[in-house]
Amino acid sequence: MSTGPAEKPTVDVHAHILLPALQQLVAEADPEGFGAQQALEVRRNGPESMAASGKMIKERWPQLTDLDRRLADMDAQGVDVQLVSPSPSHFYYFAAEELALQVAKAANQAVREFVDRAPERLNGLGLVPLQHPSLMVEALEHAMLECGLLGVEIGSFAATPTDPEHSTVELSDPRLEPFWSRAEELGALVFLHPFGCSLDERLDRFYLANTVSQPAENAVALSHLIFSGVLDRHPDLRVLAAHGGGYLPTSLGRSDHAWRVRPEAHGCAQPPSSYVKKLFFDSLVHSPAELRALVAAAGPGQVLVGSDYPFDMGCDRPVAEVIEAQLSAEDEARVLAGNAAALGITPASILTARRTA
């Protein structure tokens, strides 16, 4: 570990685990839906990327499932604490209500059990069924109040083809208001992590299904949050965006202009760029210059270390990449540890001690 007892721990807020038992549960409970989801992934990614991803997952299976390997890698990276979340492939937003709630609670419990094996090094995030807004508060409360997790991970949207009236759930959907309210009350960390993209076959080559779709989906989802006034109505909401928030944080001039000249873009109280300073972002932008720009746009108190461990589109040197951005010493310390401490992202053992005191 990189810190002494008196120092704040270096925290990686973007790290994943695979839950094979959860995948088996879904495949057996809804084979038709599971098969359709697999087919959609093939269509979105294309055969070349599917083959490469399959090989990558096989090679990195130990990192995704083995605790000892994870802890050794954390030591090598200089990471004291990981905030682990399920792989976004476990969202299963096609699931019907009963299965969707079962999946969320099973994922929450599985993350809790994984974290409990190394509570001095790990804490976790659970899942909620974004495709069923009426169930999200129950799943959130299960994650935080029953499993002791710090919040939940959500996708950028959920397609719900079985509901003709609401074929897509966007983060601006009014039906999510109870969820945002409860998340704000509980101090939940809501980790926005896209999975899939509605552009589908347009991105089915050159790995555009990841390299373009992930930052694009972040930008769209965050724009829904901003323009709809969600962040005005819930000023204490804590939303953490993966991949540095994608294309949005450093490219808001056009959004501000639309807010000024278009009445339908005036659903938020302030210019859209002002809300970047109310959101949180991980540092995973793969460029020192882009990380400096993100810190400048959002403020040094809004950026935290993120690696996307252990996927190949992540970063094997998350601490070193923050250092290479050559931020001021004060800003660097905040990104590496201070901001996580301010948000209460602690080892699970510390959280448990606080909850049981």
Side-chain angles (χ1 to χ4, degrees), residues 14 16-65 85-97 99-100 102-104 106-107 110 127-132 153-164 166-171 191-221 242-243 246-247 284 286 308-314:
H14 184 174
H16 296 299
I17 57 174
L18 270 182
L19 304 171
L22 191 67
Q23 177 172 311
Q24 182 177 356
L25 183 158
V26 175
E28 292 177 354
D30 185 2
E32 183 177 347
F34 185 80
Q37 176 67 33
Q38 297 297 99
L40 177 61
E41 286 306 298
V42 172
R43 182 160 62 85
R44 284 174 165 170
N45 288 272
E48 188 175 6
S49 288
M50 290 298 295
S53 293
K55 180 181 178 182
M56 181 268 295
I57 294 296
K58 183 177 180 180
E59 291 172 347
R60 296 179 184 234
W61 191 262
Q63 292 101 309
L64 284 160
T65 58
S85 52
S87 166
S89 60
H90 291 312
F91 285 163
Y92 305 127
Y93 287 159
F94 59 85
E97 288 190 353
L99 177 59
Q102 182 184 5
V103 165
L127 297 180
V128 290
L130 181 60
Q131 75 274 36
H132 301 297
E153 176 186 29
I154 63 172
S156 55
F157 75 104
T160 54
T162 58
D163 184 353
H166 304 287
S167 60
T168 302
V169 179
E170 300 286 0
L171 299 192
F191 181 39
L192 170 60
H193 192 304
F195 181 71
C197 180
S198 57
L199 292 173
D200 292 338
E201 289 96 337
R202 291 195 64 205
L203 304 180
D204 68 358
R205 64 209 74 180
F206 317 125
Y207 205 40
L208 299 181
N210 185 294
T211 58
V212 170
S213 81
Q214 296 278 346
E217 283 295 320
N218 267 303
V220 172
H243 317 124
Y247 296 134
L284 189 63
H286 303 288
D308 203 2
Y309 178 93
F311 293 114
D312 59 357
M313 286 299 289

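FYI, the numbering just counts along the sequence from 1. The shown structure was predicted, so the numbers you read here are calculated from the model rather than taken from an experiment. Hydrogens, waters and symmetry mates are skipped; everything else that's a heavy atom, side chains included, is used.
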* Enter the distance from Y207:OH to M50:CE here, rounded to the nearest 0.5 Å. => 10.0 Å
* Asked: How long is the span from the CD atom in Q23 to the CG atom in L18, to the nearest 0.5 Å?
  -> 8.0 Å
* To do: Only one of L192, L171, L130 passes side-chain contact (heavy atoms from CB on, under 4.5 Å) with S156; say which it is.
  => L192
* Please test M313 against T211 for side chain to side chain contact (heavy atoms under 4.5 Å, CB included), starting from the C-alpha separation and ending with a verdict. => CA-CA 9 Å; M313 286 299 289; T211 58; 3.8 Å; yes
* Heavy-atom distance under 4.5 Å between the side chains of E97 and P129, does that happen here? -> no
* Going by the angle between their ring planes, with limits at 30° and 60°, are H14 and H193 parallel, tilted or perpendicular? -> perpendicular
* Test side chain to side chain contact (heavy atoms under 4.5 Å, CB included) applied to A95 - qualifying residues, sequence neighbours left out -> L99, A100, Q131
* To do: Output the distance between atom CZ (R202) and atom CZ (R44), rounded to the nearest 0.5 Å.
  => 14.5 Å
* Under 6.0 Å from the CZ atom of R43, do we count more than 12 heavy atoms belonging to anything else shown? -> yes
* Asked: How long is the gap from CD on Q24 to CG on L19, to the nearest 0.5 Å?
  -> 12.5 Å
* Return the minimal non-hydrogen interatomic distance between F195 and S89, and the atom names on each side. => CZ-CA, 3.7 Å
* N/O donor-acceptor pair under 3.5 Å between H243 side chain and Q214 backbone -> no
* A107 to L127 - nearest heavy-atom pair and separation -> CB-CD1, 3.6 Å
* Give, for atom CD1 of I154 and atom OH of Y93, the distance between the pair rounded to the nearest 0.5 Å. => 6.5 Å
* **Where E217 and P194 come nearest, the two heavy atoms and their spacing** => CB-CB, 3.6 Å
* Parallel, tilted or perpendicular: which fits the ring planes of F34 and F94, with parallel below 30° and perpendicular above 60°? -> perpendicular
* Asked: Does any N or O in the side chain of N218 come within less than 3.5 Å of the main-chain N or O of A242, such that one atom is a donor and the other an acceptor?
  -> yes
* Heavy atoms from other residues, nucleotides or ligands near CD of Q38 exceed 12 (cutoff 6.0 Å) -> yes
* Heavy-atom pair with the smallest gap, counting every atom of I17 and H90 -> O-CD2, 4.2 Å
* **Distance-minimising heavy-atom pair for S85 and F191** => OG-CE2, 3.8 Å
* Going through the checks in order, is the side chain to side chain contact (heavy atoms under 4.5 Å, CB included) test met by Q102 and L25? -> CA-CA 9 Å; Q102 182 184 5; L25 183 158; 3.8 Å; yes
* **Shortest non-hydrogen contact from L64 toward F311** => CD2-CZ, 3.8 Å
* Structure fact -> To the nearest 0.5 Å, atom OH of Y92 lies from atom CD of Q37 at 9.0 Å
* Structure fact -> Residue set satisfying side chain to side chain contact (heavy atoms under 4.5 Å, CB included) with S213, at least two apart, ordered chain then number -> C197, L203
